[in-house]
Amino acid sequence: MTQKILAAAAGLDKVEAGQLIEAKLDLVLGNDITSPVAIKEMDKIQAKGVFDKDKIALVPDHFVPNKDIKSAEHCKCVREFARRNEITNYFEVGEMGIEHALLPEKGLTVAGDVIIGADSHTCTYGALGAFSTGVGSTDMAAGMATGKAWFKVPAAIKFTLTGKPAKWVSGKDVILHIIGMIGVDGALYKSMEFVGDGIANLSMDDRFTIANMAIEVGGKNGIFPVDEKAENYIKEHSDKTYTIYRADDDAVYDAKYTIDLSALRPTVAFPHLPENTHTIDEIRQMEAIAIDQVVIGSCTNGRLDDLRTAAEVLKGRHVAKGMRCIVIPATQAIYMQAMEEGLLKTFIEAGAIVSTPTCGPCLGGYMGILAEGERCVSTTNRNFVGRMGHVSSEIYLASPAVAAESAVAGVISAPDER
Amino acid sequence: MTMSIRNYRKERSRQNVSGWIFLEQALSGANRDMNAKGTVFKYGDNVDTDVIIPARYLNTSDPAELAVHCMEDIDADFMKRVKKGDIIVAEKNFGCGSSREHAPIAIKAAGVSCVIAETFARIFYRNAINIGLPIIECPEAAKGIEAGDEVEVDFDSGVITDVTKGTSFQGQAFPEFMQKIIASEGLINYINNK
């Protein structure tokens, strides 16, 4: 499927794994950390400006609202660049959100698109049948100037998903299970292609979560077939034209895995790699793991489904004494909807705090930094050494359901323990 | 061993062939960089971009400021010990995680002349080439070289020599266009020079 999209974007009938191609880009994305470096590089290119002001998205979201003077300067640099080049899709505080939740919601990413973003989690849009991948700032600069990027066509790994996940098992558990199974370099340079009748049992938010973490196994992208649910999502959010590609029956894969979603259990990745996974059953056999903080949010798990699940767990209950529980709706629209549904009230009554959209704590920026030796259960995507604060702090990656239940219990737990 | 670009350049330079002025410009300042020699800092699997340059320092994009914190969370003494020209050798999946170009920028600004690993994460690989940091995949070298060894790398041939141990390894040689990108100190200068 990835190869078909890339062939079309390169103006070729067919491409094969390993081939170097130059493809036309439908969208180039950057945030407040990566864009300033790209803008500096672009100034050096002596480019006349951007290739298409409608096909660039600039989303200050990492250290926004500005956490300090240096961050403010970075944001100012992006803001002024956007103004100078009349960038249509620049999102100021008040209209912004975490980039990978925001762009699909704004209808900027649709099936068949080729998208690069100077952020590793750009692979999220594969949930909509787009080819999207993370690059660095220099590639972003070249993309903004020329509207093109070169790619080495990736080989593919096929993941056939079957069955229906149990009540508290989500897209996060599916992808953590896969990362645990193949390891953090299990799909290095490759495309992860998801197929199978189990996909119909996954919400769009589940699929965004799964595609989002393709990079955590080294993948170039993760991509889902476009079914009725995905097409409805695209139609609801976008008026862009889209193209649906389907994998050939005789498509070539480097490896094939089948995953029975009904057999999956709530899964947690222990420090300090996303591949260190344990099911809740294994965790119950261990000594209880006491935690200090819970974060529910990020480009991985800050969407409406995630907040609804967390609220369902927290409704009428209270977080453990001394627990800091931080909930971050990923976009303003999600924030608003969560407010209308009463989810925010549930969170606050349960003793959690609710923040404006930001990547903040996920990468140890601000809004929830960990002190020496502290432990956090987080719905984010990485648990590397020092990722959320002090080098001796620990991050346990989990689903919103596990995170919310753990906030109440004070130790790592899953909701069916009630 | 084939003639290195450095020698080739000298040779052409001596002959003063006008047609080579362009290449001379593209490669200016490159001769000292097309081979690396230094003391090895050794790391294991999955060295991620968060330990190469923690996000708490990403409120700047100044290479010198970033270099101050290079490798801080995995090797607190790195910046005290590293000398210009030194070499990082690591095992699998070096540079995994974030797409931050600040990671190879910090390594380069710290004075490191080359990174050798069994494999690299793909975004890091691309970023390193784009900013002109030489990197080479070589599983045998990643296993055979130890911390503190003196190592030489010839980018033309891809040969990595462990001077301390007297061993050598065949790494992946850079194709010419990649050598030019590195010699130009990055993709943007390379494009401008074209």
Interface moiety of [X] toward chain A, non-hydrogen atoms closer than 4.5 Å:
{"X": "Asn127(B)", "value": "side chain"}
{"X": "Ile123(B)", "value": "side chain"}
{"X": "Phe120(B)", "value": "both"}
{"X": "Thr119(B)", "value": "side chain"}

Distance in Å, [X] [atom1] paired with [Y] [atom2], rounded so as to fall on 0.5 Å steps:
{"X": "Ile52(B)", "Y": "Phe384(A)", "atom1": "CD1", "atom2": "CZ", "result": "10.0 Å"}
{"X": "Thr49(B)", "Y": "Arg382(A)", "atom1": "OG1", "atom2": "CZ", "result": "6.0 Å"}
{"X": "Asn189(B)", "Y": "Ile45(A)", "atom1": "CG", "atom2": "CD1", "result": "10.0 Å"}
{"X": "Glu65(B)", "Y": "Lys70(A)", "atom1": "CD", "atom2": "NZ", "result": "4.0 Å"}
{"X": "His62(A)", "Y": "Asn59(B)", "atom1": "NE2", "atom2": "CG", "result": "13.0 Å"}
{"X": "Leu187(B)", "Y": "Trp150(A)", "atom1": "CG", "atom2": "CH2", "result": "9.0 Å"}

* Asked: Asp139(A) versus Glu101(B): any side-chain heavy-atom pair under 4.5 Å?
  -> no
- Non-hydrogen side-chain atoms of Ile105(B) and Val37(A) separated by less than 4.5 Å: yes
Name the member of [options] that forms the most heavy-atom pairs with chain B at distances under 4.5 Å.
{"options": "Gly386(A), Gly134(A), Ala145(A), Ser71(A)", "answer": "Gly134(A)"}
{"options": "Ile369(A), Asn381(A), Val184(A)", "answer": "Val184(A)"}
{"options": "Asp32(A), Val391(A), Thr138(A)", "answer": "Thr138(A)"}
{"options": "Thr133(A), Thr122(A), Ile69(A)", "answer": "Thr133(A)"}

Over 12 non-hydrogen atoms of neighbours within 6.0 angstrom of [atom1] in [X]:
{"X": "Lys67(A)", "atom1": "NZ", "result": "yes"}
{"X": "Lys143(B)", "atom1": "NZ", "result": "yes"}
{"X": "Lys76(A)", "atom1": "NZ", "result": "no"}
{"X": "Lys37(B)", "atom1": "NZ", "result": "no"}

So what's closer than 4.5 Å to chain B heavy atoms on [X]: side chain, backbone, both or neither?
{"X": "Phe63(A)", "answer": "side chain"}
{"X": "Val385(A)", "answer": "both"}
{"X": "Leu363(A)", "answer": "both"}
{"X": "Leu273(A)", "answer": "side chain"}
{"X": "Asp68(A)", "answer": "side chain"}
{"X": "Arg387(A)", "answer": "both"}
{"X": "Lys220(A)", "answer": "both"}

Fill in: Exam field: side chain Arg122(B) to backbone Ile215(A), donor-acceptor pair closer than 3.5 Å
no
Assert top hit (heavy-atom pairs under 4.5 Å, partner chain A, pool Ala121(B), Ser98(B), Gly186(B), Pro104(B)) equals Ser98(B)
Work out which heavy atom in [X] is nearest to a heavy atom in [Y]; give both atom names and the distance.
{"X": "Leu58(B)", "Y": "His74(A)", "result": "O-CE1, 3.5 Å"}
{"X": "Ser99(B)", "Y": "Ser120(A)", "result": "OG-N, 3.3 Å"}
{"X": "Glu137(B)", "Y": "Tyr189(A)", "result": "OE2-OH, 2.9 Å"}
{"X": "Lys92(B)", "Y": "Asp185(A)", "result": "CD-OD2, 3.5 Å"}

